[in-house]
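This report refers to the structure that appears directly beneath it.
Keep in mind that this is a model prediction, so the values were computed, not measured. Just follow the structure's listing: the first ligand is 1, and inside any ligand the first atom is 1.
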Amino acid sequence: MPTARPTPRPRIAALPVYSRAAGSASVRWRASSNESTVAPSPAIREAVARAAAHANLYPSLAGDELIAAISERMGVHEDQVVVGGGSLALLQLALTAFTGPGTEVIHAWRSYEAYPILIGIADAQSVPVALDHEYRHDSEAMLAALTPQTSAILICDPNNPTGTTLPPERLRALIDAVPGHVLILLDRAYQEFDQAEPDLAALVCEHPNVIVLRTFSKAYGLAGLRAGYAIGSPEVMQVVRATAPPFGLSAVAEAAALAAWGDREHTRHIVNTVTECREKFRRALGDRGLFTPDSRANFVWLPVGDRAEALQTACVRHGVSVRAFAGEGVRVTVGCPDAEAAVLAAVDEICRPR
Ligand SMILES: *Cc1c(COP(=O)(O)O)cnc(C)c1O
């Protein structure tokens, strides 16, 4: 056997690895990946079955039907929408198209784990900016991080894993202050759980350098099927479309997304379940003297610092997987009262006032 092996580009060899939550295979409840706890509605399941019966055929090249449905409801033109196999896939396309070697991409930190990986794949430099003391994006510090090399700035709002948002006027001010040649990637994966829905159509109309990323994985409950969309100005979206692999959205995922988009009752049910569980869980944590930042997403951030890993282990022992970030905190997906009770039992063990 020859000993020579193909070598990846150095940046690829050095990529951080996307972590798997401890115990996620063996536990009773999964509260580690921000999945919906609600199964797809009958309408969605029927649409999936119908589409599966024609799986021998290619889907439309660009997901035309879903684009039409999204553009109509969002109030944007069809050439302002790109759909694909999850919003992360679309983020990857945008980073590949607009950033790259010799450029910098600013993002908050702690924020979504996938960002440094995707920026690395695009061969750009990741510029993490610490959250402020309220676990929010620090807009001033992010603006201060702009350099002539900055090609893009990523805004995760609500932020994963802290659940925090920037007040609409501060988000506006941040977007207004970024120069027009810098791409602004606004990740609104959790938009539906945030009562303050910004007018995204107006935003992308006024700011041709903004791309908004949305997903069917969270409030529409389709994480397993992979569907997401991006909206922006016709000019930037044309570039994103040009970099997209053909048939990027499977026919089954498109059918499911269309059905979920039309089944507003189902989305409302998911959002209401999450909101009720989230507020009840936060109150129960507050009763135990544990502060949690105001979350506008389907998870709660427990800033337990050096007890993060011990709390994760205790949660697994109580039958629930959660996501720990060593030395910082634990992110708990909400939507199942039994799972939240199990986390509270673990909290009582690990976080009792000392
Ligand atoms: C879950 C999540 C997504 C969704 O990614 P998909 O590829 O659409 O499943 C995107 N951004 C953030 C911050 C998330 O937490």
Classify the angle between the aromatic ring planes of H107 and W109 as parallel (below 30°), tilted (30 to 60°) or perpendicular (above 60°).
perpendicular

What class does the angle between the rings of Y229 and F216 fall in, given that below 30° is parallel, 30 to 60° is tilted and above 60° is perpendicular?
tilted

Return each pair, listed once, that meets side chain to side chain donor-acceptor pair (under 3.5 Å) where at least one residue sits in residues 66-75; pairs must be two or more places apart or across chains.
none

Which donor-acceptor pairs under 3.5 Å do side chains of residues 74-83 form with protein atoms, sequence neighbours excluded?
| unit_1 | atom_1 | unit_2 | atom_2 | d |
| --- | --- | --- | --- | --- |
| H77 | ND1 | D79 | N | 3.2 |
| H77 | ND1 | D79 | OD1 | 3.0 |
| Q80 | OE1 | H77 | N | 2.9 |
| Q80 | NE2 | G232 | O | 3.1 |

Over 60° means perpendicular and under 30° means parallel, so classify the ring planes of F247 and Y58, tilted if in between.
parallel

If you look only at pairs with a residue in residues 36-53, which of them pass as a side chain to side chain donor-acceptor pair (under 3.5 Å), with sequence neighbours excluded?
S41-D263

Residues in the immediate environment of ligand 1 (any heavy atom closer than 4.0 angstrom)
G86, S87, L88, Y112, Y115, C156, N160, D187, A189, Y190, T215, S217, K218, R226

